[in-house]
Every structure is written in structure tokens, then in C-alpha cells.
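Naming: A, B, ... by sequence-line order, numbering from 1 per chain.
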Number of protein chains: 2
Amino acid sequence: MAPGARGSSPTSIQATVIEELRGRIISGAIEPGTPLAELALAEEFGVSRTPVREALKQLQTEGLIEIRPRVGTFVAAPSRREITELFEMKELLEGAAARLLAQRGRVPEIERLERNLRESDEAVARDDRERYAELVHEFHGLLVQGADNHKLEAHYRTLMNQLAYPRLVMTSLNQPGRALQSDREHHHVLELVIAKDGDSAERVMREHVRESRRALLAGLPLTGPSARARNGVASVP
Amino acid sequence: MAPGARGSSPTSIQATVIEELRGRIISGAIEPGTPLAELALAEEFGVSRTPVREALKQLQTEGLIEIRPRVGTFVAAPSRREITELFEMKELLEGAAARLLAQRGRVPEIERLERNLRESDEAVARDDRERYAELVHEFHGLLVQGADNHKLEAHYRTLMNQLAYPRLVMTSLNQPGRALQSDREHHHVLELVIAKDGDSAERVMREHVRESRRALLAGLPLTGPSARARNGVASVP
DNA sequence: TGGCGGTCTCTTGCATGCCACAGACACTAG
DNA sequence: CTAGTGTCTGTGGCATGCAAGAGACCGCCA
């Protein structure tokens with residue numbers, strides 16, 4: 001039910017295609033606006049068009065690509081407005097997750113978060129941005145997981161996928177001092193969670209998301225990810 | 001991009017099938033757990049299996065049905081836990097929508113909400129529950145629309161679809177006095193929105209959702225929608 | 001009678017071929 | 001040179017056929 005997908009044993013062909021394509025898109029391996037022809041993908045994967053079509057259909061429903069009938073299929077290029085909206089949702093969901101986690105008390109995720117922060121401190125200390133980016137992703141993921149609401153988690157994953165988050169985090173971390181500040185904010189949130197202060201945890205978490213968004217947009221060129229993206233590939237004029 | 005779908009001119013076959021099936025599911029015309037065979041649907045709609053398959057694929061991604069490979073496709077049967085989670089999300093999103101709407105000030109949606117409440121008052125006065133159920137749905141929809149965040153709206157619609165909300169509202173309205181109380185709560189929320197008191201609007205809206213959930217569960221039999229739903233049709237052991 | 005094995009049917013997964021439409025390009029007329 | 005128009009190619013939409021797995025059902029054997 002969750003688009004995020006984790007472990008899967010009966011790996012059907014379409015599942016493979018979905019995971020592979022989703023991975024490429026959210027990692028930024030293929031840029032927004034890039035056309036994805038069914039036939040080309042089918043040949044690349046060595047399968048027929050059918051499973052590729054079904055994979056594309058699902059990715060469209062997840063909001064990762066756009067299928068224009070009789071024209072072509074393209075990697076979605078979120079407009080500036082959509083990015084704003086996505087961050088608004090991110091703030092909302094992560095804030096709620098922090099509150100819910102605080103209410104749950106001492107659950108396993110807390111310890112994993114503490115371990116995450118210890119590693120994050122080290123990564124920041126040696127200025128290892130790549131590793132820190134991973135840890136940031138994990139921190140937010142753990143927080144949402146710890147909220148113990150599968151629906152929340154599913155919607156959250158969908159959002160992050162649409163943002164192609166991994167691609168973006170690095171950008172925001174290139175702002176000088178952002179990594180250190182981000183790490184401090186994480187510590188603050190976790191303290192409040194452990195203190196079971198749900199209200200404050202939510203508030204601080206939301207502030208943290210706003211800060212990260214600010215850092216991100218500051219490091220982004222005027223227009224979205226790529227100027228060559230067609231006129232309005234992803235709605236909103 | 002939004003699963004909710006509204007007007008569509010270039011009606012492809014699969015789009016037709018999607019809308020029709022979605023309508024049947026969320027209205028409760030077909031019960032959770034009901035098997036949906038591709039071939040049967042194809043014959044019913046007078047088309048081939050292909051567009052039906054694609055429609056089913058999308059509905060699965062939306063969380064409305066479950067496709068068990070090589071076994072069959074079934075209308076999803078939300079577990080009790082999932083219903084709880086969905087309402088938690090509903091509370092979250094509608095609360096945020098109330099806040100956002102309050103911040104926007106005098107927008108067209110406000111007037112539509114006022115008109116909605118006038119009609120609601122009348123419906124309640126003459127104990128027309130069916131009409132009132134429609135108006136409730138519209139009220140919540142307008143609120144979310146008025147938040148002017150398309151992502152929020154899309155996720156909200158997905159949630160409501162998973163809940164098969166229209167089918168549920170009537171149940172909650174069968175609780176004695178619930179309609180009147182609900183109407184009052186709507187008035188309260190709208191007042192706060194118009195007063196641009198976002199904090200309070202969010203708080204009251206969230207309380208309203210909790211109340212409606214309470215009324216709903218009180219009118220629901222012990223187990224979910226239908227006991228004949230297979231063991232764990234919709235995950236969660 | 002109860003448990004077990006095989007078969008048989010129904011389901012979806014996948015491959016393939018044809019079709020209609022969008023859009024680009026070149027050619028032609030003014 | 002420009003605007004209009006026709007064609008032509010590439011795309012996804014849809015129909016169809018075959019294959020493989022799951023599960024029910026029936027018969028057999030102890």
C-alpha cells in the first residue's frame with residue numbers, strides 16, 4: 001500500500017521496473033523533463049512494453065512522472081509553487097510525527113535516533129557532507145516511522161519522492177554552516193521528544209523544516225531544477 | 001495528479017473505468033472484500049482487459065483495492081487500525097486547512113462555506129439527513145480547497161476515498177443529535193476562520209474531526225465494514 | 001472415516017500487434 | 001520571406017493470445 005516500498009520477495013518484472021525507475025528519479029540520475037519512451041525502457045530492461053506500461057502508470061499515480069497521451073511520458077518537473085506546497089506538507093507531517101512520537105514514550109526508534117545523532121555529530125565534525133546527507137534522510141525517516149502511523153508514513157514517502165529529496169539535501173547542505181545548524185536542530189527536537197513535550201517537539205520540528213527549506217531555496221538557481229524542462233510539464237502555469 | 005479527479009474532456013477508456021469503479025467503491029455500492037475479476041469487468045464495460053488492468057493498477061496505488069498476484073483483485077477492507085490512522089490524518093489535514101484558510105482572509109471559498117452553512121441549517125431543521133450528509137462532505141471539501149494547497153487537497157482526497165467516506169457519514173449522522181452538534185461545530189470553525197484566528201480554527205477543527213470520528217465509531221458494529229472480508233485483505237495482522 | 005495427493009479451473013502476468021492521434025518537418029503558394 | 005498546409009514519424013492506447021501460479025475440489029488410499 002505504501003509507495004515507498006521496502007522489502008519484496010515475489011519480485012515481479014513490473015515491481016523491478018518500478019523500483020529501478022523510482023530510484024533513478026528520486027536520486028536525480030535522470031533529470032526532470034526527460035522523456036521516458038515505453039519501447040526504449042522495455043528494450044533496456046529486456047522485457048515487453050506491458051510491464052513497463054504498468055510501472056509507468058503507478059509512477060504517474062505517485063506523481064513522479066507525467067504521461068501525456070499520444071505524446072510521451074516525462075519525468076515530472078515540480079514547479080516552484082509545487083515545491084512550496086510540498087514543503088508545507090512536509091512541515092505538517094513531520095511536525096505531527098514529532099508530536100506522536102513524543103506521546104509514545106520510549107520506543108526503539110528513539111534509540112536509533114540517538115545513534116543517528118551521534119553519527120551525525122561525527123559526520124559534521126569531519127565535514128563529511130555526503131554521509132551527513134544520508135543521516136539527515138534517516139533521521140527524518142526514523143521520526144516518521146516512530147510516529148507509528150502507517151498512513152502518515154505512506155503519504156510522507158510519496159511526498160519525499162515527489163521532491164526527489166536526496167537530490168535536494170546536498171544543495172541545502174552546501175549553504176555554509178547549514179550542516180551544523182541542522183544537526184543542532186535535530187538534537188533539540190529529539191530532546192523535546194524524549195521529554196515527552198509533544199507541543200514543543202512539533203513546533204520546533206516545524207521550524208526546523210522551514211529552516212531547511214530556506215537553506216535549500218537559497219542554494220537553488222532562480223528557476224527550478226532545469227530550465228530545459230518543457231513549458232509546463234508539471235501543471236501550474 | 002490528483003486522484004480525486006474532476007472534469008476530464010479527453011475521456012479515455014481507462015479513465016472511464018477508473019471513475020466508475022472508484023465511484024462504486026467509495027459510495028459503498030460494492031462492499032469491501034468483493035473480488036474484481038479483470039475479465040468480468042472488461043466484459044461489463046465492453047472493452048478488453050488492458051484498460052481495465054490499468055485502471056485497477058491505479059486504484060491499487062490509490063489504496064482502494066488490493067491486487068494479489070495470480071489470485072485476484074479485491075476491494076480493500078480497511079482494518080480498524082487503518083481507520084484510526086486515516087482519521088488521525090484527516091484531523092491533521094483538515095486542521096491545517098482551517099489554519100491556512102484563516103490566514104488567506106476573504107477568499108471566494110468563504111462565501112461558499114457561508115452558503116453551505118445556511119443550507120445545512122435548513123437541512124438539519126427539517127431533519128433531512130441525506131442532504132445534510134452531502135453538505136457535510138461539501139463543507140469539508142470547500143475548507144480543504146480554500147487552503148489553496150493542491151498537494152494537501154490531493155492527499156486529502158486520497159484519504160477520503162480510502163475511508164469510503166460518503167458511506168460512513170450517514171452512519172455517524174444516525175447518532176441522535178449528531179447532526180445538530182456537527183452543524184454547530186461547523187459554524188464555530190467558520191467563525192474563527194473569518195476572524196482570521198488560525199490557531200483556534202485549527203484546534204476547533206481538529207476537535208470537530210475527533211467528535212465526528214467518535215460518533216461514527218459509536219454507530220459502527222464491532223468489526224469493520226463486513227465480517228466476511230477475508231482474513232487480512234488489507235494488511236495489518 | 002480422515003487425511004493426502006493430483007488435477008483442473010480460474011486468476012493475473014506478460015508478450016505482441018495494430019491503430020489513432022500529436023507534433024514536427026518540409027514543401028508550396030502568396 | 002512568411003504563412004499555411006500536407007505528410008510522415010513516433011508515441012501511447014487498446015485488443016488479443018499464451019503461460020504460469022494459486023487454490024478448490026474430487027478421488028484415492030490407509
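- Contact of the B:S212 side chain with the B:R178 side chain is registered, since non-hydrogen atoms from C-beta on lie closer than 4.5 Å.
- For B:E94 and B:Y156, the side-chain atoms include at least one donor-acceptor pair closer than 3.5 Å.
- Two residues are said to be in side-chain contact when any heavy atoms from C-beta on lie closer than 4.5 Å; A:Q14 and A:V52 fail this criterion.
- For B:R68 and C:dT11, the CZ to P distance is 14 Å, given to the nearest whole Å.
- A:T50 has no side-chain polar atom (N or O) that falls below the 4.0 Å cut-off from OP1 or OP2 of C:dC14.
- Here B:R22 pairs with B:E62 in a salt bridge; the nearest charged N to carboxylate O distance falls below 4.0 Å.
- First and last contacting nucleotides of DNA chain D toward chain A (any atom under 4.0 angstrom from a heavy atom, 5' to 3' order): D:dG10 to D:dG13.
- Proximity of A:F87 to A:R210: side-chain heavy atoms (C-beta onward) are nowhere separated by under 4.5 Å.
- Atom CZ in B:R49 sits about 6 Å away from atom C1' in C:dT12, given to the nearest Å.
- Atom CD1 of B:I65 and atom P of C:dT11 are 15 Å apart (whole Å).
- Taking the centre of each ring, B:H155 and B:H150 stay at or above the 6.0 Å mark.
- Between C:dT12 and B:T73, a contact under 4.0 Å exists linking OP1 or OP2 to a side-chain N or O.
- Whole-Å rounding puts the A:I18 CD1 to C:dC14 C1' distance at 14 Å.
- Note: CZ (A:R70) to P (C:dC19) measures 13 Å, nearest angstrom.
- DNA chain C is contacted by both A:G46 and B:L39; B:L39 maps to the nucleotide lying nearer its 5′ end (nearest heavy atom per residue).
- Between the side chain of A:T61 and the backbone N or O of A:K57 there is at least one donor-acceptor pair closer than 3.5 Å.
- Here B:E54 lies out of heavy-atom contact (under 4.0 Å) with every strand.
- Nearer the 5' end of DNA chain D, as judged by each residue's closest nucleotide, is the contact made by A:L36, out of A:L36 and B:V71.
- Residue B:R53 places none of its side-chain N or O atoms closer than 4.0 Å to OP1 or OP2 of C:dT12.
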